[in-house]
Amino acid sequence: MEKFFAFEGVGTKKEFQEGMLSILEPLKAYYSEGRARLTLGRTMAHYDIDATFMEAFSRPLWGLVPYWAGGGRDSGFEEIYRRGLSAGTDAANPEYWGECKDFDQRFVEMAAISYGLMFAPKVLWEPLSDREKDNLCGYLNKINAHPLPVCNWILFAVLVNIALKSVGREYNAAVLQEYLKGLETFYLGEGWYQDGDSGQKDYYISFAIHFYCLIYARVMEAEEPERAALYKARACEFAKQFIYWFDEDGDAVPFGRSLTYRFSQVSFFSACLIAGIEPFPIPVMKGLIARHLRSWMQRPIFDRNGILTIGYGYPNLTMAERYNAPGSPYWAMKTFGFLMLPDDHPFWTAEEAPLPKGKADCPMKYADMYVRRYARHVTAFTPGVYSPYGHGHIVEKYGKFAYDSKFGVSIAKSCYELHENVPDSMLAFVINGYVYVRRICEKSEITESGVYSKWVPFAGISVETTLTPTESGHIREHRIISEIDCEAYDCGFAVNRGDFVPVGFYAEENEKGSCAGNDTSLCRVSGEEIAGKERKVAVGHIIFADPNTNLLYTKTAIPSVQYQIHKGEQLLRTVVEADIF
């Protein structure tokens with residue numbers, strides 16, 4: 001990995017610039033002759049191949065644009081992107097990106113190009129000929145002629161229109177105002193939006209909605225000071241809770257979809273710096289950004305040629321959404337927005353500071369989440385309120401009891417065997433050879449002490465679960481009313497059992513529970529039936545997960561306790577303890 005990436009000791013502007021370029025430099029060998037197409041792999045997303053080429057071309061701009069805006073220069077990339085913008089938007093050119101249709105992926109990628117027009121016009125706009133400028137603006141304007149999904153996508157059109165306005169070209173003021181008004185229907189409170197009609201709250205609130213709102217505030221503040229102030233105030237309020245998604249090492253809670261965007265998790269704080277707001281002191285934000293980047297650069301997230309892979313802690317197609325193409329992971333470059341800060345900005349001379357001290361617990365009612373800080377790791381407890389709707393693995397990415405910055409989360413390969421279903425942080429019912437977990441939540445509440453949810457894993461079984469964080473982990477109480485007899489496994493976190501490097505893995509199971517650990521982490525699970533037909537202690541069971549199912553570690557084991565579920569009502573109590581050494 002040292003062959004490509006220079007992130008040890010980053011802190012000065014030059015070091016951060018060099019680190020960013022070290023991520024993008026390997027791409028230069030894969031641009032097409034006309035520079036509008038970037039081929040990084042042979043896997044496919046659901047959209048057409050021309051949109052795939054445009055995506056791979058556009059997303060590196062999230063890093064290059066602030067680099068150029070902050071005074072950086074790289075003649076190779078400057079030539080690539082000027083030629084590529086010309087070819088990709090010229091319908092007569094063989095590398096044309098293609099015509100747009102309703103809900104088109106191309107609209108997503110227009111956001112990065114618009115970012116460039118606003119912040120690096122001397123590189124991406126002024127050198128273009130009049131004809132090239134006309135083609136580019138005509139192509140971007142296509143977003144105003146088609147409907148968009150009712151979610152963060154509406155802000156792509158906002159960025160396009162203010163970018164066109166910034167270079168003095170025709171834009172659609174009516175569409176701009178329509179979407180700005182629509183954004184207000186997403187707002188919930190305490191700085192939280194929901195991601196449109198999906199109702200989801202995840203990283204899209206930070207690296208999409210707030211990110212774009214803060215870009216709007218930066219660009220349009222003189223013209224719309226009230227709206228800019230509103231977006232900034234909401235971001236500051238959001239930051240107070242969002243910072244709980246990160247632990248002291250800079251690692252983030254792996255929750256929700258699009259986790260293959262990896263270090264974009266911290267890009268919200270870069271957007272704060274761009275907009276000139278300080279929800280936390282600059283040394284705190286610098287420390288979090290730097291630690292986050294260093295942590296990611298220590299993981300095997302690049303292939304042997306230095307290309308970012310689809311996956312999370314390592315290359316992994318199992319966890320991918322249907323919209324993840326080979327160029328998709330470069331959304332992560334959004335984190336480098338801070339590179340546009342001027343040379344005399346205090347960020348560059350600030351000493352990195354740790355996270356601010358505060359309460360260990362943070363209930364987030366508008367985020368449908370309760371987060372607790374532990375020593376060296378953070379756990380988010382959730383009620384599983386989001387219904388599956390087609391992106392893939394929504395149950396695992398939103399519906400587990402707990403998500404942890406150091407233990408990660410696992411993605412199922414099937415619903416037939418426990419080791420394939422990998423139900424870490426879930427209560428899994430085994431019925432007629434199938435595994436059933438919490439899929440759709442009927443009722444939920446975030447309280448001052450934890451999380452409550454009511455759910456139905458299988459027809460004839462109703463479960464009410466209360467999660468209560470403790471100093472060493474958390475307690476789960478399940479009230480189960482069942483019309484059938486079956487088995488259920490209450491599972492803890494998935495523990496790394498090593499791959500290329502031995503980790504000192506060990507595991508044990510007994511009549512009281514089970515435990516799995518290694519040189520750096522441990523998870524212990526114990527349980528008992530405290531009310532029911534046959535009250536007894538649960539039996540410990542270790543699930544040796546199929547390889548490549550956990551997002552952080554290629555091989556894991558999941559400690560669990562096995563319960564016998566009887567017809568009637570039962571009350572089960574499971575204790576999960578976790579530690580990072």
Side-chain angles (χ1 to χ4, degrees), residues 19-21 23-24 26-27 30 38 40-41 43-47 51-67 81 104-116 119 149 151-156 159-160 195 200 202-215 245 252 254-271 274 289 292-293 296-297 299 301-303 306-313 315-317 319-340 391-392 397 551:
M20 188 282 296
L21 285 176
I23 294 175
L24 296 185
L27 299 180
Y30 302 101
L38 181 57
L40 298 178
T43 58
M44 287 292 123
H46 70 88
Y47 36 89
T52 299
F53 289 140
M54 181 185 179
E55 176 188 66
F57 170 88
S58 297
R59 294 198 174 187
L61 287 172
W62 290 116
L64 288 169
V65 166
Y67 170 73
Y81 278 88
D104 203 302
Q105 180 67 26
R106 293 166 179 81
F107 301 144
V108 180
E109 312 318 325
M110 289 180 181
I113 296 170
S114 300
Y115 191 52
F119 292 104
C151 63
N152 67 87
W153 276 46
I154 66 174
L155 290 172
F156 300 143
L159 292 186
V160 166
D195 191 12
Q200 292 177 349
D202 49 29
Y203 282 104
Y204 275 92
I205 311 307
S206 62
F207 62 40
I209 293 178
H210 273 297
F211 191 99
Y212 304 140
C213 285
L214 290 172
I215 294 301
W245 286 35
F255 174 77
R257 65 189 181 98
S258 296
L259 292 173
T260 197
Y261 300 161
R262 294 184 174 105
F263 45 93
S264 64
Q265 290 168 327
V266 82
S267 63
F268 164 78
F269 294 100
S270 290
I274 293 171
I289 291 169
H292 187 77
L293 285 169
W296 276 114
M297 293 306 125
R299 299 186 186 278
I301 60 177
F302 300 89
D303 68 16
I307 305 301
L308 267 175
T309 57
I310 296 171
Y312 192 64
N316 187 339
L317 284 176
M319 56 79 68
E321 287 89 12
R322 66 195 186 102
Y323 56 83
N324 291 162
S328 298
Y330 285 89
W331 180 289
M333 303 309 292
K334 283 179 149 183
T335 286
F336 290 99
F338 62 86
L339 289 180
M340 71 172 67
H391 282 318
K397 294 174 182 176
L551 297 194

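One is the number of the first residue; the rest follow in order along the sequence.
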Could you tell me the separation between the [atom1] atom of [X] and the [atom2] atom of [Y], rounded to the nearest 0.5 Å?
X    : Y    : atom1 : atom2 : value
Y30  : L27  : OH    : CG    : 9.0 Å
F107 : F156 : CZ    : CZ    : 11.5 Å
I301 : I307 : CD1   : CD1   : 12.0 Å

If you look at every heavy atom in [X] and [Y], which pair is closest and at what distance?
X    : Y    : value
S58  : A112 : O-CB, 3.5 Å
Q105 : A51  : CB-CB, 4.2 Å
H292 : Q265 : CE1-OE1, 3.3 Å
T43  : L317 : CG2-CD1, 3.8 Å
M319 : K397 : O-NZ, 2.7 Å

Are [X] and [Y] close enough that some pair of their side-chain heavy atoms sits under 4.5 Å apart?
X    : Y    : value
I215 : Y115 : yes
M44  : R322 : no
R59  : V108 : yes
F302 : T309 : no
L214 : F268 : yes
L61  : M333 : no
M54  : M110 : yes
V266 : W245 : no

| said: So if I apply the side-chain contact (heavy atoms from CB on, under 4.5 Å) rule between Y261 and each of Y203, Y312, Y204, which one comes out positive? | reply: Y204
Check side chain to side chain contact (heavy atoms under 4.5 Å, CB included) between [X] and all other residues, then give those that pass, not counting sequence neighbours.
X    : result
P329 : T260, R262, L308, I310
S270 : I289, T335, F338
A325 : A45, Y47, T52, E55, S328
K334 : W62, F211, Y212, S267, W331

For [X], what residues pass the side-chain hydrogen bond (donor to acceptor under 3.5 Å, both in side chains) criterion, not counting sequence neighbours?
X    : answer
Y323 : R257, S258
Y81  : Y31
N152 : D195
Y67  : none

| Mind checking what makes ring pair (Phe, Tyr, Trp, His ring centres under 6.0 Å) contact with F53, not counting sequence neighbours? | none
| said: Under a 3.5 Å distance rule, please check whether D303 uses its side chain to pair with a backbone N or O of G306 as donor and acceptor. | reply: yes
| said: Holding to salt bridge (Lys or Arg N to Asp or Glu O under 4.0 Å), I want the full list of residues that pass it with D202, two or more places apart in sequence or in another chain. | reply: none
| request: Would you sort out whether L293 and F336 count as a side-chain contact (heavy atoms from CB on, under 4.5 Å), showing the intermediate values? | output: CA-CA 10 Å; L293 285 169; F336 290 99; 4.0 Å; yes
